Amino acid sequence: MQNESVVLLTIVTESSIETKLIETIKAQGAQGYTITDARGEGSRGLRSGSWGEESNIRVEVLCSAAIAEKIESTVQAKFYKHFAMVMYNHPVNVLRPDKF
Amino acid sequence: MQNESVVLLTIVTESSIETKLIETIKAQGAQGYTITDARGEGSRGLRSGSWGEESNIRVEVLCSAAIAEKIESTVQAKFYKHFAMVMYNHPVNVLRPDKF
Amino acid sequence: MQNESVVLLTIVTESSIETKLIETIKAQGAQGYTITDARGEGSRGLRSGSWGEESNIRVEVLCSAAIAEKIESTVQAKFYKHFAMVMYNHPVNVLRPDKF
Amino acid sequence: MSFDPILLFFILGLLSGVVRSPLRLPPQAYELVSIILLLAIGLKGGVELSSTSFMSLLPQILVVAAMGLALPLLAFPVLKIAGRFPRADAASIAAHYGSVSVGTYAVAAAYLANLGVTFEAHMPLLLVILEVPAIIVGVWLAKGAAANGQWRSLAHEIFSGKGIVLLLGGLAIGWIAGKDGVATIEPLFFDAFKGVLALFLLEMGVITASKLGDLKKYGFFLVIFAIGMPLVSAIIGGWLGLCLSLSVGGTAMLATLAASASYIAVPAAMRISVPEANPSLSLTASLGLTFPFNVLVGIPLYLEIARWLHA
Amino acid sequence: MSFDPILLFFILGLLSGVVRSPLRLPPQAYELVSIILLLAIGLKGGVELSSTSFMSLLPQILVVAAMGLALPLLAFPVLKIAGRFPRADAASIAAHYGSVSVGTYAVAAAYLANLGVTFEAHMPLLLVILEVPAIIVGVWLAKGAAANGQWRSLAHEIFSGKGIVLLLGGLAIGWIAGKDGVATIEPLFFDAFKGVLALFLLEMGVITASKLGDLKKYGFFLVIFAIGMPLVSAIIGGWLGLCLSLSVGGTAMLATLAASASYIAVPAAMRISVPEANPSLSLTASLGLTFPFNVLVGIPLYLEIARWLHA
Amino acid sequence: MSFDPILLFFILGLLSGVVRSPLRLPPQAYELVSIILLLAIGLKGGVELSSTSFMSLLPQILVVAAMGLALPLLAFPVLKIAGRFPRADAASIAAHYGSVSVGTYAVAAAYLANLGVTFEAHMPLLLVILEVPAIIVGVWLAKGAAANGQWRSLAHEIFSGKGIVLLLGGLAIGWIAGKDGVATIEPLFFDAFKGVLALFLLEMGVITASKLGDLKKYGFFLVIFAIGMPLVSAIIGGWLGLCLSLSVGGTAMLATLAASASYIAVPAAMRISVPEANPSLSLTASLGLTFPFNVLVGIPLYLEIARWLHA
Ligand SMILES: Nc1ncnc2c1ncn2[C@@H]1O[C@H](COP(=O)(O)O)[C@@H](O)[C@H]1O
Ligand SMILES: Nc1ncnc2c1ncn2[C@@H]1O[C@H](COP(=O)(O)O)[C@@H](O)[C@H]1O
Ligand SMILES: Nc1ncnc2c1ncn2[C@@H]1O[C@H](COP(=O)(O)O)[C@@H](O)[C@H]1O
Ligand code: NA
Ligand code: NA
Ligand code: NA
């Protein structure tokens, strides 16, 4: 395994913005993403996952640090103010880092 | 993005203790959490996720290293002996680290 | 918490190979794994999760760096060419690292 | 007078939510149940429409659409001035109350059927028509001229919304296929309807219970509004029903439609189009108060209003 | 004698589990199916209760509750002394066998109906009553005086459990609404019941197959117990049925209830209240052995016992 | 001639997919619906088989199995030479078209029933039999001698596949239980069948819409093949039906079976056994083109072919 590092960016947010969020992420140059359905609690209260309006998604993007930064700033500008959202990243070791 | 670091603590355990676990986590000062449904296998055997008693949850908490340590020790004391559980953490970069 | 470090290896791939993948992972010495259902997009196109053939799984394995490397190379040899798949790892802090 | 058992399912859900029972329909089951309900209501309306001339319904359609535009315009100043809500929140709540609730509709239809009170068969069409105008007014109230660039994407958001597609789709299928055409799918969509509605109401009870806690947070004015607005709307709806020469049952249904507040189509559309509005505020009012009020108290009352108007 | 087709679904599930077919009901579908079954059984009992006087049932209720207290007290020493299980495990298994299985109940009811054997209509009430006492005894056996602080939270755990809420809720709804009231929800809850039960048993077969592998791990004593205990319980239940002057069918049902072992309510309660007990141990016995034994062999046998007792 | 309403559900799904409505059956609900369909089709066939002698069907079974072996052998060179597909892709697509689609079968059965055209009751048996041979031929075409070590695991893969287990299991249960035995499960599996099929087709429409985009990617040849191959197969199937002295309805059904392309059993088996084949290619053809073509245009055509052959 080549140890060159790539960043894993994770965004947990409302599932109602899935389509727009994915568009935004791809527009910043991400080559892919993985989504899992989630529920949770945070500064905007309980999101129980029991029906559409109260469900979260957990989006993960493997990308270069530069793209991660672009995604973070765009997503923050577009969604952070009005939607329940947390966002974090950390470096990971991947196979074929050039893919991302 | 400010690069001050926060910790992401992950707990994989039996879904039957979800309510109690969340209470415990909040009591230690966590400001939020994210839950995804999961299945898996470990030292306590296969947990196939096929029905309530055999499902796992995967709980993620963004918090300071200090709170993570408090959560870990309390959760360990309360649940580790009798419930299927693994727990791990690693530092992540977050936007507005003071939020956690 | 002892701070000795273990690796968290994550594999996102097609759910149709779940059984074979788990066999492979255990054969390399992993003591456990956690699976969540996922969907996503990557070099092999959209995998919408809307039905069996288009669903992904997200498999996480806590293990030593050595075992992670064995898993990665075996999985890569067996599945990487023909199946939608990404694989990455990063070190984590665990309780009782000897368990993994 | 006997209490309709489907309401008992709502109460069961409510109670089990209040005592924090882990009882819940899985989200996916709740969605399946909703899909069947929406299709069934649409189908039923479509079948009836297939034996009516569309032109004869046009006056009703126009009047009802006008009501859908007017109700949020009525609610907005009350919320903004008396309730001191921020512009976006007032607009969003107003949109919820101008639109309709399919669950409330289904309970009212069952209630009237139980009593043997008939109503005009094209009510599902009016239900569909009432869903939309309030959303448009709501966005316009929230954004004013700033909304101008957005109408295309808003229109898409509204008309491709799950609720509208299923209701309209069911309506169209029923219309095309007619009574004989749908005979083979009756066992699932018509015969099992009340049972499916019972499951739906069970989960609605649980969801309502989960909203009760938030009520305190939002203060007394919201409670007044969530009860008072439906009453006012019901009188307007009932009066319009009379003007349109609807039967007693039809008048009661239109009063109920006016009184009901959306919790499916409007929240989804507002979240995207007016994201600065707090979604919890409008849902707490609509689901936590207005829905249970209408279902348990309002509907019989609106029938009385209709009877009194027709007397 | 013809084999009931719903059992064939159980066997199909079992076989497909054994050959490791990926066939499974999605967990959410299994939950939906369980919810419908529990509500339906409760409803059916409630409807019948609505035409009975509660006081006339009191003796039966008390006797059956006493049986629920006694069975785990009988099982515990066997498990602890003969089986050499740790205290917590013995207590937990005892609780499972003192309580009841709704799936087994449903199969027995279908079996008797197929044969045209009638039974007392308030059986679902006895089913609900039998769920609870064994849990209390189990916790007390496991913890003794140490349990004293916990009873409040245990009571909540038990009575807010999904199974109890749905059974009791269905019972109450059926009771209040009566036969006419529930007519509109019959297509889903009564007519489709056997089909839904078939799907439930299909998945139970798959789950049972997944438990068979664990049997080896726990040794021969558990196998003996999981077959022997139901037989002993069935005789006790049948004898009590005779004492209570139940019909042959009612006697067979009470024997079946006594013989059945819980796999929904008790595991959930024990996991929280007696976490030191190994849940896999009791589930393997209850699901992997006792359920298939009762369903395939036990029920016809218990009917024979009831006939023999009444002869 | 009236349009069957279940097709309208397919078109509704297709349209809502095309306008990118978020309408979807949850994956778990789609799976539940599929399970009910597969069991119901199997059950129906099994019940009919219980009143037939198996030996009298043997000739048909053998001929149909031979057709399942022959069709992919016919398709493969066309795909490989004319279509210039790599060996694995050509083999995989050929396997899809040699096998059958249960959804298409159900629509055809409903179509004929609507028209009052009867067909041989053991068609579900032929459906099951046709699922398998094409898979074997496909693997052999892709791997040649290299497949030799794999047959055991392939056989397991095929026969433990969800589709086959449910169809065969339903068939066996219907066969054993007979007409009277399955009476109690009829409301769910038979009466509600068309409604469940409507939900299934709704989701199939959505899935089909999502595949339409990929069509461009794969070029014109695939389009030609996905329409042309069913037509050729239908003629072969119809001709064999005539040779086997099937009724007009039975001939139309066999033509439809031949014309239909798998999208459940074969993709799953090919993914594991011939992983080097691009699954998107065969699914796009089978789901994005052949399924809608058969369902909307093909089936009536195949009935005409059957009538013409019998004329
Ligand atoms: N401290 C946290 N740790 C983990 N997840 C969180 C945290 N805070 C928020 N979340 C997740 O992010 C979603 C939105 O957060 P918020 O905008 O703070 O309400 C919540 O519903 C949680 O799923
Ligand atoms: N080595 C591991 N890697 C990833 N997940 C694990 C591992 N071990 C256990 N788990 C997860 O944690 C749950 C409980 O673990 P245990 O208590 O070891 O049975 C399992 O069901 C898995 O979901
Ligand atoms: N850049 C990425 N970030 C996150 N997940 C990805 C990424 N690329 C691919 N994936 C996931 O891995 C699966 C297979 O990837 P691929 O083989 O590239 O199609 C996709 O369906 C996604 O779920
Ligand atoms: Na309204
Ligand atoms: Na018992
Ligand atoms: Na074919």
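What you are looking at is a predicted structure, and each value in this text was computed from that prediction instead of being measured. Convention: sequence-line order gives letters A, B, ...; per-chain numbering from 1. Only heavy atoms go into these numbers, but all of them, side chains included; no hydrogens, no water, no symmetry mates.
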With a 4.5 Å cut-off on side-chain heavy atoms, are F:Thr184 and E:Ile6 touching?
no
Which portion of F:Ile35 sits near chain E, non-hydrogen atoms under 4.5 angstrom
side chain
Might you point out which heavy atoms bring F:Glu31 and E:Pro26 nearest each other, and give the distance in Å?
CB-CG, 3.7 Å
Okay, F:Leu168 and chain E: the region with an atom under 4.5 Å from a heavy atom over there is neither
Toward chain F, the part of E:Phe9 with a non-hydrogen atom under 4.5 Å
both
Output for pair (F:Gln28 CD, E:Leu25 CG), nearest 0.5 Å, gives 11.0 Å
Could you check which of F:Ile173, F:Leu32, F:Val182, F:Asp180 has the highest count of heavy-atom pairs closer than 4.5 Å to chain E?
F:Ile173
Would you say the side chain of F:Val165 lies within less than 4.5 Å of the side chain of E:Leu15, judging by non-hydrogen atoms?
no
Tell me, for E:Leu188 versus chain F, whether the close heavy atoms (under 4.5 Å) come from the side chain, the backbone, both or neither.
neither
Would you call F:Ile185 and E:Leu197 a side-chain contact if the rule is heavy atoms closer than 4.5 Å?
no
Could you tell me the separation between the CG atom of E:Leu12 and the CG atom of F:Leu39, rounded to the nearest 0.5 Å?
7.0 Å
Using non-hydrogen atoms only, which part of F:Leu43 is less than 4.5 Å away from chain E: side chain, backbone, both, or neither?
side chain
Whether the side chain of F:Ser160 engages the backbone of E:Ser21 through a donor-acceptor N/O pair (distance < 3.5 Å, no angle test) should be reported.
no
